[in-house]
Amino acid sequence: MILIGKTLIKISTVYFVIGTLIGYYMSIVHNYDLTPVHVHINLLGWTALTLAGILYHLFPKLAAAKLGKIHFWLHNIGLPLMMAGLFLMIAFQLESLTTVIAGGATLTTAGVLIFALNVWMHLNEEDAA
Ligand code: HEM
């Protein structure tokens, strides 16, 4: 069984490293084309996933709920697709990747909606750990 809270926190640190390296790269070469990738990796990958991971850890019923697992997979499939697509589109002018980006964005957005639904449905069922 995957402990989704701790796993999300570990995954989020990978996004933090990648997001920071992209920011560092942009500040060294003075080219800010990758700002949209940097921003979304840092905010949806690092901050949002860390916060979600902490909530899943604090409130185990959120992690145990089916909605928690669905959010976990939607976010972890959708965000890499969206970020890889956006990166390749910007770096190599691959406009054909808009479908991949939109597909990843749709999965990620669905994941966020399901995360919010899970919190509203199950948070009151328990006290903080
Ligand atoms: C050492 C770490 C970081 C470096 C070197 C860095 C560097 C940069 C650079 C060079 C830009 C582009 C600025 C421009 O377009 O003029 C930028 C934009 C941005 N960064 Fe970072 N960044 C870092 C960490 C973070 C983190 C942790 C977050 C969020 C959690 C973040 C959020 C943003 C946002 C929202 C923007 C867009 C700002 C705007 O366009 O107005 N950055 N960053």
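Counting convention: from 1, in listed order, for ligands and their atoms alike.
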Nearest-0.5 Å distance that lies between atom CG in L107 and atom CG in N76: 11.5 Å
What's the spacing between L3 CG and L8 CG if we round to 0.5 Å?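 It comes to 10.5 Å.
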Count the heavy atoms belonging to other residues, nucleotides or ligands that lie under 6.0 Å from OH of Y32, then report whether that count exceeds 12. yes
Could you tell me whether H40 atom NE2 has more than 12 heavy atoms of other residues or ligands within 6.0 Å of it? no
For N118 against A65, the heavy-atom pair lying closest together: OD1-CB, 3.5 Å
Least distance between heavy atoms, T108 atom then L79 atom: OG1-N, 3.1 Å
Near Y24 (heavy-atom distance under 4.0 Å), the atoms of ligand 1 are 5 (C)
Below 4.0 angstrom from a heavy atom of L43, which ligand 1 atoms are there? Numbered from 1 as shown, please. 29 (C), 30 (C)
Can you check whether a protein heavy atom sits less than 4.0 angstrom from [atom]?
atom                    : value
atom 30 (C) of ligand 1 : yes
atom 42 (N) of ligand 1 : yes
atom 8 (C) of ligand 1  : yes

Does the side chain of N42 come within less than 4.5 Å of F16's, by heavy atoms?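 Side-chain contact under 4.5 Å: yes.
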Close N or O approach (H38, ligand 1; < 3.5 Å):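 N/O-N/O distance below 3.5 Å exists for this pair.
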Taking [atom] as the reference point, the nearest protein heavy atom with its distance:
atom                    : result
atom 2 (C) of ligand 1  : T20 CG2, 3.4 Å
atom 12 (C) of ligand 1 : T35 OG1, 3.5 Å
atom 11 (C) of ligand 1 : M26 CE, 3.7 Å
atom 28 (C) of ligand 1 : N42 ND2, 3.4 Å
atom 13 (C) of ligand 1 : Y32 CD2, 4.1 Å
atom 35 (C) of ligand 1 : V39 CG2, 3.6 Å

Could you go through the side-chain contact (heavy atoms from CB on, under 4.5 Å) check for F115 and L55 one step at a time? CA-CA 10 Å; F115 169 74; L55 287 179; 3.8 Å; yes
